[in-house]
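Note on naming: letters A, B, ... go to the chains in the order of the sequence lines (proteins, then strands), and numbering restarts at 1 for each one.
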Protein chains: 2
Amino acid sequence: MNVVTLCLGILALGDASGYEIKKRFDGPLRRIQEPSFGSIYPALNRLTREGLVTCTVQAQDKRPDKKVYSITAEGRAHLKAELQKSLPGPDKVHSDFLVTMLFQEMLSPAFVAAAVDERIAFYRDLMTTLDCPAGQQSAAKDFVCGYGVAVCRAAIDYLEAYRRDLPAPEPAADPAAGQKERGVLVNPQAMEI
Amino acid sequence: MNVVTLCLGILALGDASGYEIKKRFDGPLRRIQEPSFGSIYPALNRLTREGLVTCTVQAQDKRPDKKVYSITAEGRAHLKAELQKSLPGPDKVHSDFLVTMLFQEMLSPAFVAAAVDERIAFYRDLMTTLDCPAGQQSAAKDFVCGYGVAVCRAAIDYLEAYRRDLPAPEPAADPAAGQKERGVLVNPQAMEI
DNA sequence: TCTCGCATGTAACGTGTTACATGATTCC
DNA sequence: GGAATCATGTAACACGTTACATGCGAGA
């Protein structure tokens with residue numbers, strides 16, 4: 001799934017500017033895909049060239065001009081065809097966490113424990129983000145969010161069970177576990193290489 | 001996590017040739033990462049240049065020569081440092097399935113049902129692949145496989161519950177659901193665009 | 001003042017895939 | 001006879017990210 005198709009899909013759900021498309025992927029959707037401006041703007045220009053979307057410049061008060069894109073009938077047809085071309089291929093997970101855990105035998109137990117703690121905290125946080133929109137959203141978004149919640153819960157349960165079996169509870173590593181995203185507040189050098 | 005670090009990690013688990021490294025990612029690990037020859041061979045050459053691995057050419061009977069790589073002490077130290085540099089960042093899911101489902105409102109119900117069926121079959125198959133190695137493997141691999149199984153099970157449960165609520169059971173779409181990976185046996189054009 | 005948010009865009013760069021090139025052996 | 005497996009490697013290509021360029025307004 002490339003950025004061009006993704007932008008076309010977002011525009012099928014409603015008009016938006018490049019900046020707004022980017023913002024949509026700052027929410028829970030960022031877990032699935034997180035395109036940058038450097039790929040979104042060229043994608044929108046290409047879609048416009050191909051007649052799949054139209055662009056209207058909107059002057060704004062005390063804000064820069066905005067280029068609002070709308071999907072055309074051809075764009076809608078193209079998206080349908082693109083999505084139904086074949087059944088979606090298998091997901092790619094691309095997990096640095098799992099790779100790290102695969103090599104955990106050569107890492108310090110404190111680091112492994114901190115990584116697991118951080119991951120539990122991360123998924124707990126993600127689950128609350130995903131869980132709030134119940135019913136009021138579109139059925140499609142509910143499905144995708146629900147899928148995320150189900151997978152999160154399973155991951156948390158599994159990680160918590162594993163955490164209990166871990167040798168050292170290591171209270172010194174806990175500050176790292178509370179961090180959002182990928183903070184580097186805890187110096188890994190400090191915890192026994 | 002780039003291919004270079006990944007190769008170094010595999011070599012930390014035991015000597016291997018480029019071809020053998022590739023084969024390791026044909027198994028269940030392929031869900032996490034699936035590097036190609038075009039990235040593995042240059043990676044091994046770079047690791048050799050940097051002194052992180054050594055290479056010995058092994059002549060074989062009735063088979064082409066094999067270049068077996070071994071990790072050096074510096075390589076091991078480098079890998080440790082690389083993995084413990086910072087806590088692993090959040091996973092990237094990259095799911096064409098979820099994107100497709102996000103736009104399901106504009107797709108034919110038959111296609112959506114077929115996609116869900118295929119995904120259930122896929123995860124069932126994956127779970128059996130992941131589930132078999134219990135205990136005999138390394139603890140690290142057990143953890144990673146167990147994680148995969150837990151997530152698979154949650155996904156299957158969620159998808160099956162969703163499938164039951166789906167309007168049309170559509171028996172014509174079932175052949176697609178039985179396919180492995182991403183077969184194109186069923187012509188999507190045939191099922192009402 | 002200085003940073004942040006809004007808003008668009010380009011160019012360089014990194015990284016990985018696909019396709020090609022080569023060649024013996026084994027299985028159907 | 002043809003495909004598949006073993007085995008390594010390179011070059012072209014696709015795709016996306018990062019950094020840079022620009023500029024105004026609002027709030028700390």
Side-chain angles (χ1 to χ4, degrees), chain A residues 1-8 10-11 15-27 29-49 53 55-69 82 89-90 92-96 99 182, chain B residues 1-8 10-11 15-27 29-30 32-50 53 55-69 82 89-90 92-96 99 182:
Chain A
M1 189 74 59
N2 55 6
V3 179
V4 179
T5 312
L6 209 62
C7 287
L8 193 58
I10 296 295
L11 293 176
D15 295 359
S17 67
Y19 193 84
E20 285 162 355
I21 290 174
K22 173 79 160 60
K23 271 200 304 180
R24 296 225 188 167
F25 288 99
D26 286 344
L29 253 58
R30 114 190 76 94
R31 301 237 56 232
I32 301 180
Q33 206 104 29
E34 209 183 349
S36 61
F37 287 127
S39 55
I40 289 174
Y41 287 121
L44 290 172
N45 288 329
R46 194 180 129 185
L47 286 170
T48 309
R49 268 203 315 277
V53 302
C55 173
T56 36
V57 179
Q58 226 174 64
Q60 289 185 121
D61 193 40
K62 305 190 175 176
R63 280 223 162 57
D65 286 3
K66 200 200 257 189
K67 286 173 128 185
V68 177
Y69 294 88
E82 187 71 21
K92 291 270 148 66
V93 177
H94 228 295
S95 169
D96 280 10
V99 173
R182 37 153 65 243
Chain B
M1 187 75 59
N2 56 5
V3 179
V4 179
T5 312
L6 209 64
C7 287
L8 192 59
I10 295 294
L11 293 175
D15 294 357
S17 65
Y19 193 84
E20 285 161 356
I21 290 174
K22 174 78 159 61
K23 272 200 301 179
R24 297 225 188 167
F25 289 98
D26 285 346
L29 255 56
R30 113 190 75 96
I32 301 180
Q33 206 106 26
E34 208 182 349
S36 62
F37 287 126
S39 54
I40 289 173
Y41 286 123
L44 290 171
N45 288 330
R46 192 180 131 185
L47 286 169
T48 309
R49 268 202 316 277
E50 291 171 358
V53 304
C55 172
T56 37
V57 178
Q58 226 175 63
Q60 289 184 119
D61 194 38
K62 304 191 177 177
R63 279 220 163 59
D65 286 5
K66 200 199 259 188
K67 286 172 129 184
V68 178
Y69 294 88
E82 185 73 21
K92 290 269 147 66
V93 177
H94 228 295
S95 169
D96 279 11
V99 174
R182 40 155 61 244

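Looking at which nucleotide of DNA chain C each of E34(B) and G38(A) is closest to, the 5′-most match is held by G38(A). Each of P35(A) and R63(A) was matched to the nucleotide of DNA chain D holding its nearest heavy atom; the match closer to the 5' end belongs to P35(A).
For the pair I21(A) and Y69(A), the minimum side-chain heavy-atom distance is 4.5 Å or more. Proximity of Q33(B) to L29(B): side-chain heavy atoms (C-beta onward) are nowhere separated by under 4.5 Å.
First and last contacts of DNA chain D with chain A, using any nucleotide atom under 4.0 Å from a protein heavy atom and ordered 5' to 3', fall at dG16(D) to dA26(D).
The nearest pair of heavy atoms linking L47(B) to V4(B) is CD2-CG1, 3.6 Å. Nearest heavy-atom pair, T5(B) versus M1(B), reported as atom, atom and distance to 0.1 Å: CG2-SD, 3.8 Å.
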Can you give each donor-acceptor pair under 3.5 Å made by side-chain atoms of residues 35-45 of chain B, sequence neighbours left out, with the distance rounded to 0.1 Å?
{"residue": "S39(B)", "atom": "OG", "partner": "S36(B)", "partner atom": "N", "Å": "3.3"}
{"residue": "S39(B)", "atom": "OG", "partner": "S36(B)", "partner atom": "O", "Å": "2.9"}
{"residue": "N45(B)", "atom": "ND2", "partner": "Y41(B)", "partner atom": "O", "Å": "3.3"}

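Expressed to the nearest 0.5 Å, how far CZ of R24(B) lies from SG of C7(B) amounts to 11.0 Å. Within the model, atoms NZ of K22(B) and CD1 of I10(B) stand 13.0 Å from one another, a figure rounded to the nearest 0.5 Å. If you take CZ on R30(A) and NZ on K23(A), they are separated by 15.0 Å, rounding to the nearest 0.5 Å.
Atom NZ of K62(A) and atom C1' of dA7(C) are 18 Å apart (whole Å). Going from atom CD1 of I32(B) over to atom C1' of dG16(C) covers 18 Å, rounded to whole Å. Note: NZ (K22(A)) to P (dA7(C)) measures 14 Å, nearest angstrom. Rounded to whole angstrom, the span from the NZ atom of K23(A) across to the P atom of dT8(C) amounts to 10 Å. The CG atom of D26(A) sits 16 Å away from the P atom of dC4(C) (whole-angstrom rounding). The separation between Y19(B) atom OH and dA24(C) atom P is 17 Å, rounded to whole Å.
At least one side-chain nitrogen or oxygen of Q60(A) sits closer than 4.0 Å to the OP1 or OP2 atom of dA7(C).
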Legend entry - Intermediate values then yes/no, side-chain contact (heavy atoms from CB on, under 4.5 Å), K67(A) and Q58(A): CA-CA 6 Å; K67(A) 286 173 128 185; Q58(A) 226 174 64; over 6 Å; no
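For the segment residues 39-50 of chain B, the set of residues with a heavy atom within less than 4.0 Å of an atom of DNA chain C comprises S39(B), in numerical order.
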